[in-house]
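Structure first, then comments.
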Amino acid sequence: MSASAHHAEEHWPHEPEKATLEGRNKVLGFWLFLGGESVLFGTLFATFLALRDQVGDGPTAAELFKLPMVAAATMILLVSSLTSVFAVQALHRKDVKAMLNWLIVTVILGFGFLALEIYEFVEYIHEGHTFTTSAFSSAFYTLVGFHGAHVAFGVAWITILIVQIFKKGLNFVTAPKIYVSAIYWHFIDVVWVFIFTVVYLMGKVG
Amino acid sequence: MAHTAHTVKRYRGLMDWLTTVDHKKIGVLYLIAGALFFGIGGIEAILIRIQLIKPMNDFVDPQTFNELITMHGTTMIFLGVMPIIFALMNAIVPLQIGARDVAFPFLNSLGFWTFFFGGLLLNLSWLIGGVPDAGWTSYVPLSSTEYSPHHGVDFYTLGLQISGIGTLIGGINFLATIINMRAPGMSFMRMPMFTWASFITSALILFAFPAVTVGLVLLTFDRLFGGNFFYIPNGGSIVLWQHIFWIFGHPEVYILILPAFGIISDVISTFSRKRLFGYSSMVFATVLIGFLGFMVWAHHMFTVGLGPVANALFSIATMLIAVPTGIKIFNWLFTMWGGSIKFTAANLYAVGFIPTFVMGGVTGVMLASAPADFQFHDTYFVVAHFHYVIVGGLVLGLFSGLHYWWPKMFGRVLAEGLGKATFWMFYIGFQLTFFVQHFLGLTGMPRRVVTYLPNQGFDTMNLISTVGAIMMGIGVLMFLYNIVITSRKPANASNDPWEDGRTLEWTIPSPPPEYNFKQTPLVRGYDAWWKEKMDGNTEMKPAEPIGSIHMPSPSILPFFMSIGLFIAGLGFMFAKDEFGSGIVGFLFNNYIISGLGLLITFGCMFLRSVIDDHGYHIEKEELEDKGVKA
């Protein structure tokens, strides 16, 4: 099956990520994996919602959060999702140069988000909001930290893929890899939208 | 064609097993590992029963007893029966859908090794650091560092975490396999019931296991890093653990039982020599059970005090599950009705399954009634109930499946006479063990107690129960003996050793060649092979000409990835301990061991990403050399 795919290499189909059976399996399997990830984050959100008012002696969400910086982080991550869309569009056109450029922009934005998040966490720790302060603080750092770890993993992953594309070029083996990393990136973006709403906005309002 | 890819390393001996990505060999690995843990869990069960054989017994001390019940439950569920289910899924599902392999052969191997090293880590607790002793449910605060200060529960959280990753990977793999890899003509509504059950079970795994992943993470954080999730003085909630555990735990019991339903459906249909009665309703019932399985978790928590409304809703949802389950029971009975039934060992287990499972189901509906549950809760009645569904349901189903598919997996038919004797030994032992436990519970014996006072009406029934447990143990030994004597016979099973095979696995040699199907078969209806037989054909119609077959390369990376997680688990667990010698303490206390473990795992992931697996081809000529048997 993959043998016949090698013959078709000259012809670049509309969805190159699904040109081979391996590619189709990878895309499907990855969507399924994200289904599991949704349950994972759903459970973390449920935990956070159950514990978010249990601040004990520590600071409350309203005292702690500074929306302008979180809003900036949100904008950065949303834009990075857009740039990864541009990368996938370039992938479909087989425009390797544009794809690589957009992937690099995505990674840089990802780093920007991570830097803001680390800065934010350090600030909170100075204000007496550490992992062990209260049930709220444990739940906060676990939920937001799990997301941050996902972003960090995504940044490392996409970086490795960029290097691979430089070395191996874009073909039916590498195309699905780029594609699923883009789905992954959108997923952690969507999770962040929920974190922004449930953790930060609801934390400020009530 | 990819000529460069043809020079692939082919390993032999131990390296072959460590690196294999062949689903049939991974199935055998799952079977061996599952049998090992099943044996450990079984010994624990017998030790529990020996302790309870008479009142005021002092065979084991209370601490050891707590460790035994915890490890018995945990080992049996996560490391004993689930891997044996995965063994049969691996060995059979790709064959039943006419596939050459699973969707992700590499991940399949990774799933096995993470499960195995997770199980190893959990059982290592018997040798170092303390044994989990907070029950298989590990309720907080019992499992908190306050009440369980040694490392027992850490082995539980990290061991299950690692093996859970393996299970999740396996679930995703089978979903993708069944969706994408079916042979031409094998539509969803033509799939054999075992494949259907594996499909739904995999979906349940996908949506249930991440919940326990989070639960275990939270408990780990509480225990190792001072988190407050379940620490009430700092605002934590203990009911939260129960919700998270059971939102996983209840689907888990359907993850266990659905494959047994699938096995029973295939076996009963084959040995009644009839099409499965009500196939579509069977599929519908399976899907419905899977769906409802997520709606009932709080019936484990009726006595927590969630209030009458919540209790009533979960009560009703639980009772609803009896409807699709009842559909299945009647479908099996109607399949046998008017069939020309052969009572092989496999079929004895399948037929024996029906009444015991009905009993387990009836006590389940009794327990579903919240007011009654306040009486039954935490008594031996509950123990009797879930052993009727898990042993009387799932384990009988697994024995049935093992007898049925053994020739397909190993090319040898298990000794039938001994198999039937084993069935009676195990079955009578099972009924003796657990039937009386209903009455023990109703007369008030609580579960999880190390001993009891004499003359409360418990003495005789406990003695009977222990005798039954020993009979079950003998039954398992008889089964092992059967395997030993069978393995000495020549591997001469035909393609279709039961002669009444209905599904695709019976159209290829026993055991199948590594590529399974020389030519992908064309499926023309439900019970594809039976249909061809009825049309007078001696083999399946091929859907493709004979051509070269692409195979994935073996890889050692999954093995090392899992070892990395194992090392990281140990590293995190002992990071805050004090060590006698300087260097060991230095390595653990500075998170060097745990970092090293994670480095190995992520390093292997990196290698997997950058090294392309071109696989290799089995050429047409090779196929024609050895494929003549088919």
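All values derive from a computational prediction rather than experimental measurement. In what follows, chains carry the letters A, B, and so on, assigned in the order in which the sequence lines appear, proteins first and then strands, with residues in each chain numbered from 1.
- The backbone N or O of B:Asn228 sits less than 3.5 Å from a side-chain atom of A:Ser138, completing a donor-acceptor pair.
- When heavy atoms are compared at a cutoff of 4.5 Å, B:Phe602 approaches chain A solely by way of its side chain, counted from C-beta outward.
- Both the backbone and the side chain of B:Ile172 have a heavy atom closer than 4.5 Å to some heavy atom of chain A.
- Remark: the backbone N or O of B:Val610 is not paired with any side-chain donor or acceptor of A:Lys167 at under 3.5 angstrom.
- For chain A, the nearby part of B:Ile244 is the side chain; its heavy atoms alone come within less than 4.5 Å.
- Sparse packing is recorded around CZ of B:Phe291, with 12 or fewer heavy atoms of other residues, nucleotides or ligands lying under 6.0 Å away.
- Of the two parts of A:Ala50, only the side chain, counted from C-beta on, holds a non-hydrogen atom closer than 4.5 Å to a non-hydrogen atom of chain B.
- For residues 28-49 of chain A, the set of pairs meeting the side-chain hydrogen bond (donor to acceptor under 3.5 Å, both in side chains) definition, not counting sequence neighbours, comprises A:Glu37-A:His150.
- Contact residues of residues 99-133 of chain A toward chain B are A:Phe131, A:Thr132, A:Thr133 (heavy-atom distance under 4.5 Å).
- Taking the side chain to side chain donor-acceptor pair (under 3.5 Å) definition, one finds that B:His243 meets it with B:Trp297, sequence neighbours left out.
- When side chains are defined from C-beta on, B:Met181 counts as touching A:Asn25, because their heavy atoms get closer than 4.5 Å.
- Residue with the most contacts toward chain B among A:Lys177, A:Arg24, A:Lys168: A:Lys168 (heavy-atom pairs, distance under 4.5 Å).
- Distance alone, capped at 3.5 Å, places no donor-acceptor pair between the A:Gln54 side chain and the B:Ile232 backbone.
- Between the side chain of B:Asn234 and the backbone N or O of A:Ala135 there is no donor-acceptor pair closer than 3.5 Å.
- Between B:Ser609 and A:Leu161 the shortest heavy-atom distance is OG-CD2, 4.3 Å.
- Among all heavy-atom pairs drawn from A:Val39 and B:Phe207, the shortest one is CG1-O, 3.3 Å.
- No part of A:Tyr141 comes within reach of chain B, as not one of its non-hydrogen atoms sits under 4.5 angstrom from that chain.
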For residues 212-221 of chain B, run the donor-acceptor check on the side chains, cut-off 3.5 Å, and write out each pair with its distance to 0.1 Å, sequence neighbours left out.
| unit_1 | atom_1 | unit_2 | atom_2 | d |
| --- | --- | --- | --- | --- |
| B:Thr213 | OG1 | B:Phe209 | O | 2.9 |
| B:Thr220 | OG1 | B:Leu216 | O | 2.5 |

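- If you measure heavy-atom distances from A:Leu28 to chain B, the contacts under 4.5 Å come from the side chain alone.
- Note that CE of B:Met605 and CD1 of A:Ile160 are 8.5 Å apart. Values are rounded to the nearest 0.5 Å.
- Residue contact with chain B, scored on non-hydrogen atoms closer than 4.5 Å, involves the side chain of A:Phe153 exclusively.
- Between chain A and the options B:Ala203, B:Ala208, B:Ala211, heavy-atom pairs under 4.5 Å are most frequent for B:Ala211.
- When atom types are taken as modelled, the side chain of A:Lys26 and the backbone of B:Phe104 share no donor-acceptor pair closer than 3.5 angstrom.
- Contact count against chain A (heavy-atom pairs under 4.5 Å) is highest for B:Phe606 among B:Phe230, B:Phe606, B:Tyr231.
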